[in-house]
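Quick notes on the structure that follows.
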There are 2 protein chains.
Amino acid sequence: MPDRPYHHGNLRTALLTEAERTLREQGIEALSLRDLARQAGVSHAAPRRHFADRQALLDALAETGFARLGEEMRVAIEGAGEDCEAQLRAVAGAYVRFATTDGALLDLMFGAKTATRSAGLRAASERLFTEFGDLVRRWQRGGALPPGEPERLRLLLIATLQGIASLVASDRVQAAQADALITDAVTLFAPCRHP
Amino acid sequence: MPDRPYHHGNLRTALLTEAERTLREQGIEALSLRDLARQAGVSHAAPRRHFADRQALLDALAETGFARLGEEMRVAIEGAGEDCEAQLRAVAGAYVRFATTDGALLDLMFGAKTATRSAGLRAASERLFTEFGDLVRRWQRGGALPPGEPERLRLLLIATLQGIASLVASDRVQAAQADALITDAVTLFAPCRHP
DNA sequence: ACCTGAACACCGTTCAAGT
DNA sequence: ACCTGAACACCGTTCAAGT
């Protein structure tokens, strides 16, 4: 008589949750399908039902990463009030916080050739990028960003945030330095304000 | 009678060269010490003399990556003439080219927690960052960058370049888009030129 | 100093079989 | 539909021994 039901019931979610934690605490090298199966209390072959291979699990992790980053950005904006520059600063802060706590996950999200790996991953990534497009247009109207083609400005903004996040995640920039970096970036993007 | 000498003679370099190629052509998942040893014609335990473990090889790869990126930047500057803005554009172009051809290597160079992994890697990374400091000061004098603390501007410039490179390496931005992105970035950094 | 060969524990993946 | 258990090929790492 087994002390757990034959069907786990929620194996896919359990694997992803545990994988995200292992990734955060021990890095990607420590992430193994067999180990995850062990921690979930299923056989090593069970994950195969939910993820075709290890790469599929990593893709799914990146996918949820994009969704969570988007969610945390929205929360940051809501807490920042009406001022566009404050919103921009808040989004940058949320992005940096994400990089600080989940640097290895960010690697999975923006690693080489990640854009076209799976349909779900691409879709999640594009959702975030589309959201940035909306934000850029709003912030242009509010005067926190200079005029110009929103699509081009959007890519430049994402690149800047991702670059700052990359420096933070790789431990080349500390928390205090990151704040200064965000300030400098916001000033740089602000329409013609530097002396 | 062996058809090759007992001592390889140049195993460390041979392993690194082959590893860089495999990384470029097949990605990091395909990189195995045993496979590299096979291709070099030595036993699977031989690489141990030169790299304590797999991570040490990856660190060494990242280290040579920083050296090569610096070298390619210097070459780009020399080919750009005296104009500071042309030099800035050339450096950005070299960085993007590096990201295009060696995206997986760039992941190793800027992945989570890479800054403090080995002394050699940290030193190589700091050499490139120091070089950016010199460039920023020169470009500030030449009018391609706004005045202000060079150390802060340096980080913002590196972040922007690294962010653009990240979008390129992950296939979220194509070559033509990358050119536009560089143009926009140079314009953004140019002292008060946007309308 | 540098490399070999055997050994160990671990992993991803496959597949026939079970519930 | 979901999971098990055995099997296979591969890997990183260790170590006594060889040249």
Side-chain angles (χ1 to χ4, degrees), chain A residues 1-23 25-62 104 107-108 111 113-114 117-118 121, chain B residues 1-23 25-62 104 107-108 111 113-114 117-118 121:
Chain A
M1 46 173 158
D3 55 353
R4 59 179 176 76
Y6 180 79
H7 287 80
H8 182 283
N10 215 359
L11 185 55
R12 198 191 127 95
T13 305
L15 290 171
L16 280 177
T17 303
E18 189 56 39
E20 197 175 317
R21 198 169 68 94
T22 303
L23 188 63
E25 295 177 357
Q26 303 179 250
I28 191 164
E29 307 288 338
L31 208 60
S32 104
L33 282 177
R34 286 181 106 108
D35 201 41
L36 291 172
R38 233 173 271 131
Q39 295 185 248
V42 295
S43 85
H44 66 264
R48 193 78 214 295
R49 287 292 124 188
H50 305 281
F51 304 103
D53 51 25
R54 190 183 126 103
Q55 189 57 57
L57 173 81
L58 299 183
D59 290 346
L61 275 175
D107 287 351
L108 287 184
K113 313 274 177 283
T114 41
R117 197 156 268 161
S118 81
L121 176 51
Chain B
M1 48 173 155
D3 54 354
R4 60 178 174 77
Y6 180 79
H7 287 80
H8 182 282
N10 215 0
L11 184 54
R12 198 191 127 96
T13 304
L15 290 170
L16 280 177
T17 303
E18 190 55 40
E20 197 175 318
R21 198 169 68 96
T22 304
L23 188 63
E25 295 177 358
Q26 302 178 252
I28 190 165
E29 307 288 337
L31 208 61
S32 106
L33 282 178
R34 286 180 104 107
D35 202 41
L36 290 173
R38 232 172 274 130
Q39 294 185 249
V42 295
S43 85
H44 65 264
R48 195 78 212 298
R49 287 291 123 189
H50 304 280
F51 304 103
D53 53 24
R54 190 183 126 103
Q55 188 58 59
L57 174 82
L58 299 183
D59 290 346
L61 274 175
D107 287 350
L108 286 184
K113 314 275 178 281
T114 41
R117 198 156 269 161
S118 82
L121 175 50

Is the shortest side-chain heavy-atom distance between [X] and [Y] below 4.5 Å?
X       : Y       : value
A:Leu57 : A:Leu36 : yes
A:Leu33 : A:His44 : no
B:Arg21 : B:Gln39 : yes
A:Gln55 : B:Glu29 : yes
A:His50 : A:Leu11 : yes
A:Ile28 : A:Leu23 : yes
B:Leu58 : B:Leu31 : yes

Please list, in numerical order, the residues of residues 50-58 of chain A that have a heavy atom closer than 4.0 Å to any atom of DNA chain D.
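Close to the strand are A:His50.
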
With heavy atoms under 4.0 Å as the rule, sort B:Arg38 into base, sugar-phosphate or nothing.
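Sugar-phosphate, backbone atoms only, no base.
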
Between [atom2] of [N] and [atom1] of [X], the distance in whole Å:
X       : N      : atom1 : atom2 : value
A:Leu33 : C:dT14 : CG    : P     : 12 Å
B:Asn10 : C:dC3  : CG    : C1'   : 15 Å
A:Arg12 : D:dA1  : CZ    : C1'   : 16 Å
B:Asp35 : C:dC11 : CG    : P     : 21 Å
B:Arg34 : C:dA7  : CZ    : C1'   : 10 Å

Look at the side chain of [X] and decide which nucleotide, out of [options], has an atom nearest to it.
X       : options               : result
A:Ala45 : D:dT13, D:dC15, D:dG5 : D:dG5
A:Ala46 : D:dC11, D:dT4, D:dA7  : D:dT4
A:Val42 : C:dT14, D:dT4, C:dG5  : D:dT4
A:Leu11 : D:dC3, D:dC11, C:dT14 : D:dC3

Pairing partner (Watson-Crick or G-U wobble, both distances under 3.5 angstrom) of C:dG5
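In the structure as shown, C:dG5 has D:dC15 as its Watson-Crick or wobble partner.
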
Tell me whether the side-chain N/O atoms of B:Arg48 come closer than 4.0 Å to OP1 or OP2 in D:dT14.
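Yes, within the criterion.
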
For B:Ser32 and A:His44, take the nucleotide of DNA chain D holding the closest heavy atom to each; which residue's nucleotide lies nearer the 5' end?
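Looking at the nearest nucleotide for each, A:His44 comes out on the 5' side.
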
Should the side chain of B:Arg49 and the base of C:dT4 be counted as holding a donor-acceptor pair, with the cut-off at 3.5 Å?
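Answer no: no donor N or O sits under 3.5 Å from an acceptor.
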
